[in-house]
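Only one structure is covered here, and it is reproduced in the block below.
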2 protein chains.
Amino acid sequence: MAGQKQVQRQTGVALWRQIADRIRASINHGDFDSTGMVPPETVLALQFGVNRHTVRSALAALAQEGVVRAVQGRGTLIERKERLNFPISKRTRFSQGIGDQARETRATLLDLAEEKADAEIARWLHLRPGDDVIRLETRGEADQRPVSRATSWFPADRFAGIGDVYRMTGSITKAFRELGLSDYIRAKTEITATHADTGDLTDLELSPGAIILITRAMNTDLDDKPVQYSITRFAADRVQFTIEN
Amino acid sequence: MAGQKQVQRQTGVALWRQIADRIRASINHGDFDSTGMVPPETVLALQFGVNRHTVRSALAALAQEGVVRAVQGRGTLIERKERLNFPISKRTRFSQGIGDQARETRATLLDLAEEKADAEIARWLHLRPGDDVIRLETRGEADQRPVSRATSWFPADRFAGIGDVYRMTGSITKAFRELGLSDYIRAKTEITATHADTGDLTDLELSPGAIILITRAMNTDLDDKPVQYSITRFAADRVQFTIEN
DNA sequence: TCAAAATGTCTATTGATATAGACAACTATA
DNA sequence: TATAGTTGTCTATATCAATAGACATTTTGA
């Protein structure tokens with residue numbers, strides 16, 4: 001049977017754009033891992049019900065992004081993206097250091113809420129269980145490719161409204177600065193691994209069985225006061241961590 | 001200052017489509033509530049940096065949706081959408097009964113996870129705390145307008161994989177049927193009200209201070225066994241409930 | 001070595017998208 | 001009752017999006 005949702009016409013979104021987005025998602029999902037290449041243009045054109053030239057426009061856009069590389073006579077190869085390197089140090093920030101590895105980095109806000117700290121959060125943030133904390137859920141992307149999803153907690157009394165500031169600036173570092181915290185330090189990072197759960201599969205465009213790297217990290221201000229605790233889940237095949245001593 | 005993100009060209013998404021989406025979001029956000037009408041076409045054209053005709057295309061699309069109505073000489077009025085009526089009965093389902101009130105209804109999957117039941121979930125689903133449950137978070141939309149966001153829990157042993165089935169069918173009722181439950185009954189509904197939290201503001205496109213109607217509901221199978229417990233948060237100015245006795 | 005299969009290039013045509021300008025028609029108000 | 005402000009309509013032009021067909025070029029494998 002054909003795919004459940006075909007491309008739509010007359011919506012103001014060009015067909016090549018819709019097709020490019022769906023092919024990229026399929027690649028991230030690992031649908032073509034067995035061959036390492038995208039199906040032939042004629043096949044894709046048939047599947048999507050469009051002209052071959054339209055598929056070529058979509059593939060050209062993906063080639064421009066660096067997602068695929070077309071080779072005449074062979075086919076369109078999926079570029080083995082290098083793993084993004086996350087240096088872990090006292091100056092660890094998400095966007096910093098990634099900027100030169102990817103053309104476009106973005107963090108999208110998934111959820112934002114104020115809640116009471118449970119025992120674990122309280123321990124990391126040096127609060128008492130039940131104290132107000134702000135929870136921020138974000139997804140990190142590099143070149144349209146979902147890389148990580150993070151849940152961060154902040155002391156609500158000190159960083160009231162940090163969610164809204166984050167929404168404006170799109171950066172934790174900038175949000176901190178807006179709220180009067182000019183600098184902070186990565187005090188501790190724990191790294192573990194597990195299998196992807198269903199939330200990972202959807203948010204990170206993974207297949208069942210995929211591996212997730214989990215970091216639990218605490219940031220402090222210059223007086224060693226905790227300002228942020230975050231749990232980040234990375235798609236293991238898209239990242240590596242380096243620790244310099 | 002101008003808006004932080006302007007419309008983008010050459011992306012495969014038509015300018016009129018981007019502009020229409022942003023105007024619709026502004027309307028839902030209540031930005032024009034003081035006047036009850038959209039700014040003049042010439043002003044919008046200047047704001048977005050496009051020709052007036054392009055703005056007109058966007059407004060024509062919104063008029064087609066029924067969001068606005070243009071009146072020559074006066075301006076473009078925002079249609080006071082009737083509140084969606086949710087009849088609450090033993091046969092309460094989201095999509096049913098709404099279909100004839102809105103042109104297009106949709107439920108988008110926000111999150112999906114398997115977790116352990118806490119005390120409250122366990123009580124509603126007649127389980128023991130710690131039992132496995134599947135949590136499903138969705139947003140309900142009618143005519144592109146976000147109406148509600150719901151969190152539902154299902155007993156994991158009985159409805160394993162209901163999340164994936166839901167993703168395919170886009171309907172709880174159909175997902176139940178796929179998993180062998182042909183019919184179910186709304187056993188209990190509790191209704192409360194509160195102010196919107198930050199999550200509501202983003203997901204439902206509301207302004208601070210907006211009112212949220214909350215339903216806590218339990219569905220059972222024909223043997224009175226609980227099959228679903230859900231907490232749904234409605235934008236209060238977009239819905240009404242009716243209970244027939 | 002030949003043929004099949006795949007991407008690359010070219011021309012041509014149609015419709016959608018966007019800009020530009022001018023003016024008509026209508027509403028509200030001074 | 002003028003007049004300013006607003007939406008509606010028309011013509012014209014340029015570019016983008018999509019389709020169609022033909023053929024070249026390259027790779028792979030029989």
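Just so it is clear, the structure is predicted and the values come from calculations on it, not from any experiment. Quick note on labels: first sequence line is chain A, next is B, and so on, each numbered from 1.
Contact annotation: Thr76(B) side-chain N/O to dT6(D) OP1/OP2 distance is not under 4.0 Å. Contact check, Arg74(A) against dA5(C): no side-chain N or O comes under 4.0 Å of OP1 or OP2.
Side-chain proximity of Gln72(A) to the nucleotides dT25(D), dA20(C), dA17(D) is greatest for dT25(D). When distances run from any side-chain atom of Arg9(A) to the nucleotides dT19(D), dT27(D), dT17(C), the shortest one goes to dT19(D). Between dT19(D), dG8(D), dT6(D), one nucleotide has an atom nearer to the side chain of Pro40(B) than all others, and that is dT6(D). Candidate nucleotides dT19(C), dG8(C), dT7(D) were compared by shortest atom distance to the side chain of Arg56(A), and dG8(C) ranks first. For Thr54(B), counting side-chain heavy atoms from C-beta on, the closest listed nucleotide (dT19(C), dT7(C), dT19(D)) is dT19(C).
The residue among Arg17(A) and Ala70(B) whose nearest nucleotide of DNA chain D is located toward the 5' end is Ala70(B). DNA chain C is contacted by both Val13(A) and Val43(A); Val43(A) maps to the nucleotide lying nearer its 5′ end (nearest heavy atom per residue). Residues Val71(B) and Leu15(B) each lie close to DNA chain C; by heavy-atom proximity, the contact nearer the 5' end of the strand is made by Leu15(B).
Atom pair Gln10(B):CD and dA17(D):C1' shows a separation of 12 Å (rounding to whole Å applied). Atom P of nucleotide dT7(C) and atom CG of Leu62(A) are separated by 13 Å, given to the nearest angstrom. Going from atom CD of Glu41(A) over to atom P of dT26(D) covers 16 Å, rounded to whole Å. One atom, CG of Leu44(A), and another, C1' of dA5(C), lie 15 Å apart when rounded to the nearest Å. Computed from coordinates, the Phe48(B) CZ to dA18(C) C1' distance equals 16 Å when rounded to whole Å. Here the C1' atom of nucleotide dA6(C) and the CG atom of Leu77(A) are 12 Å apart, to the nearest Å. Between the P atom of dA12(D) and the CG atom of Asn51(B) lies a distance of 17 Å, rounded to the nearest Å. Here dA17(D) presents its P atom at 13 Å from CD1 of Ile19(A), a figure rounded to the nearest Å.
Checked against the 6.0 Å centroid criterion, the rings of Tyr166(B) and Phe159(B) do not qualify as a close aromatic pair.
With respect to the salt-bridge test (charged N to carboxylate O, under 4.0 angstrom), the residues Arg149(A) and Asp197(A) qualify. Taking 4.0 Å as the cut-off between side-chain N and carboxylate O, Asp203(B) and Arg233(B) do not count as a salt-bridged pair.
Scanning both residues, Ile23(A) and Val38(A), for their nearest heavy atoms gives CG2-CG2, 4.4 Å. Minimum heavy-atom separation, Ala142(A) to Leu84(A): CB-CD1, 3.5 Å.
Between the base of dG8(C) and the side chain of Arg52(A) there is a donor-acceptor pair shorter than 3.5 Å. The base of dG21(D) lies close enough to the side chain of His53(A) for a donor and an acceptor atom to sit less than 3.5 Å apart.
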